[in-house]
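A note on names: the letters A, B, ... follow the listed sequences, proteins ahead of strands, and every chain is numbered from 1.
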There are 2 protein chains.
Amino acid sequence: MSEPKTTVRELIREKYATLTASEKKLANALLENYPAAGIASITVVAQNADVSTPTVARMVGKLGFKGFPQFHQSLLSELQAKVQGPTQRRANWATEAPESHLLNRFSQAITRNLSQTLSNVDHDKFDKAAGCLADTNGRLYIVGGRITRALAEYAFTHFQAIRERVTHMTSSSATWPHYVLDMVKGDTLLMFDIRRYETNLLRLAELAKERGVTVIVVTDQWASPIASIADYTFNCWVEIPSAWDSNVSTMMLLETLIAAVQEENWPRAKDRYERLDEIFEAARLFRKP
Amino acid sequence: MSEPKTTVRELIREKYATLTASEKKLANALLENYPAAGIASITVVAQNADVSTPTVARMVGKLGFKGFPQFHQSLLSELQAKVQGPTQRRANWATEAPESHLLNRFSQAITRNLSQTLSNVDHDKFDKAAGCLADTNGRLYIVGGRITRALAEYAFTHFQAIRERVTHMTSSSATWPHYVLDMVKGDTLLMFDIRRYETNLLRLAELAKERGVTVIVVTDQWASPIASIADYTFNCWVEIPSAWDSNVSTMMLLETLIAAVQEENWPRAKDRYERLDEIFEAARLFRKP
DNA sequence: TGTCGTTTGTAAAAATCTTTCCACACACTT
DNA sequence: AAGTGTGTGGAAAGATTTTTACAAACGACA
């Protein structure tokens, strides 16, 4: 089909900036459950998005439709086109972009990586590792390599929010001895080491291990040498059509670990979150409005 | 759903014998163009089948529906089920862990987020934004918020590897004026702003915009206020069963952007990668084995 | 050919959905 | 602290859709 073919979805995105607060709410509800959320009477659509009928009518107007029925009809045709369309669009992933577009090639690779990563996690070890990360009797050290420094930082930001006694070992290895000096049995060291494995990190792991520290390493599918001495190893699939490696799956694993720790420490973590929010709020008030 | 799972089509076939002449005419029209012919107002359906409205109403009653709206709804659900059909179900990449295990709950949420994010990227805008990020005539500034600082850093590490003239604006907003001072038209500002949106970032965006800088913002599904002044906005779905937001989809989008820029700048980017590797290799040799 | 039962469509009534109007609420300015 | 403007939802008015009522048309059978 060579039509200009603007879908309602595109229309919403296009005008999104010009929408008001509750219109955005509606837009999100629509996009979230598209197009189902839009195919109903205006009253129902409004209710499901938790806005008033006029808001729906107004937004539909803004999108360029003459009235709700027209909008409704438009969604309906889209739905129908989809059904009759040439061999159902591939999965959910396909955006409206052509098959060969980078977005699609990428999403495919990433999907594969996530799937591989997940099916290679031993959930028993996962739980145990989460237990170590949650244990506040010991100190938690976090360290990453050149590229994974960002992940280490992300981990630090979150772990700091949900538990005490967390240390981010900066990536400058010159400072590491200071930290190692204080490591004792019962502490945990969370390491990120993705290929182009770094010798420094291996040395660090060895030193930590000598002191009875529990070592958890998040690495790639080929496994960093650290894996052979670590207590817990997690392999993340990282290949993408590119010169470098993807860290999406690593990020997912990390977030899941954080969530697990949060759950384990719940009442305390919650308390910390709330206090943290309060402090940020207070800090914000220092600034002039 | 309490439906006995019969499609309207089957229902029609089943009762076909008991239908009167003009009802059969209607039934045929319906089956001929199913389900489209049924999805419209009763008047239109009647007209298309060349029968009267009451005939439609009567037949719908015979099929066991309480009224035309119910019949209409039923067809709609069928249509929708067809669209989402096999797609949704297959996304079950469970590990061996039980359904309810955090790993699985998480993977499901994240899958959803990725899918939503992808289907809401406008690939045209994506390409254009990538173009800006690749343009080395202007300088590229990168900045993140409290949580997204890690992403900004990740972005910086990679962009620095594939192009010149990249600046990471540290998250301490006190230093921002220095950077803003040097911003000129043609520069690009890549911002990350996930909810708990930060006023600082908005101000920064405004200042940058005043200077003619192209602003690209990566935000969440609810859209940071920056979105309304930014040149390019990308919405990432971030909700997970947790007290905080996931950045997996954000990471994916970021990586895809990086890959796009890399592709655009290919020969040069490749060269930089190689030289960078050499330098790292050389640095490694300084250390004793 | 007339009567009866059934089927069918017209048209009016009822129900529902959509739009419009207006007042209130909130934020931002003076 | 009052004023202005925008955004929002309640509720009535307007439009459309659905249902119902009823009478004309048709065909079967006596």
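- Ionic pairing of B:Arg112 and B:Glu239 is not present here: no N-O contact between side-chain nitrogen and carboxylate oxygen is shorter than 4.0 angstrom.
- The CE atom of A:Met59 sits 16 Å away from the C1' atom of C:dT18 (whole-angstrom rounding).
- Every residue meeting the side-chain contact (heavy atoms from CB on, under 4.5 Å) condition with B:Leu207, not counting sequence neighbours, appears here in chain and number order: B:Val180, B:Glu210, B:Arg211.
- Residue A:Lys62 contributes atom NZ, which lies 10 Å from atom C1' of D:dT6 at whole-angstrom precision.
- Residues meeting the ring-ring contact (aromatic ring centres under 6.0 Å, His included) test with A:Phe71, sequence neighbours left out: A:Phe65, A:Phe68.
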N/O-N/O pairs, protein side and nucleotides 25-29 of chain C side, under 3.5 Å:
none

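- Look at B:Lys209 and B:Asp231 and you find a salt bridge, because one of the NZ, NE, NH1 or NH2 atoms lies within 4.0 Å of a carboxylate O, short of that distance.
- In this structure B:Phe156 satisfies the ring-ring contact (aromatic ring centres under 6.0 Å, His included) test together with B:His168, sequence neighbours excluded.
- For the pair A:Gln47 CD and C:dT16 P, the interatomic distance rounds to 14 Å; values are reported in whole Å.
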- Item | Reading 5' to 3' through nucleotides 9-17 of chain D, protein heavy-atom contacts under 4.0 Å coded B for base, S for sugar-phosphate only, - for none | BBB-----S
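- At the phosphate of D:dT6, neither OP1 nor OP2 sits under 4.0 Å from any side-chain N or O atom of A:Thr20.
- For residues 241-250 of chain B, the side-chain hydrogen bond (donor to acceptor under 3.5 Å, both in side chains) pairs, not counting sequence neighbours, are A:Tyr154-B:Asn247, A:Glu255-B:Ser246, A:Gln262-B:Trp244, A:Tyr273-B:Trp244, B:Arg195-B:Asp245, B:Ser242-B:Trp244, B:Asn247-B:Thr250.
- A donor-acceptor contact closer than 3.5 angstrom is absent between the side chains of B:Arg146 and A:Thr157.
- A:Asn104 and B:His123 share no side-chain donor-acceptor pair at under 3.5 Å.
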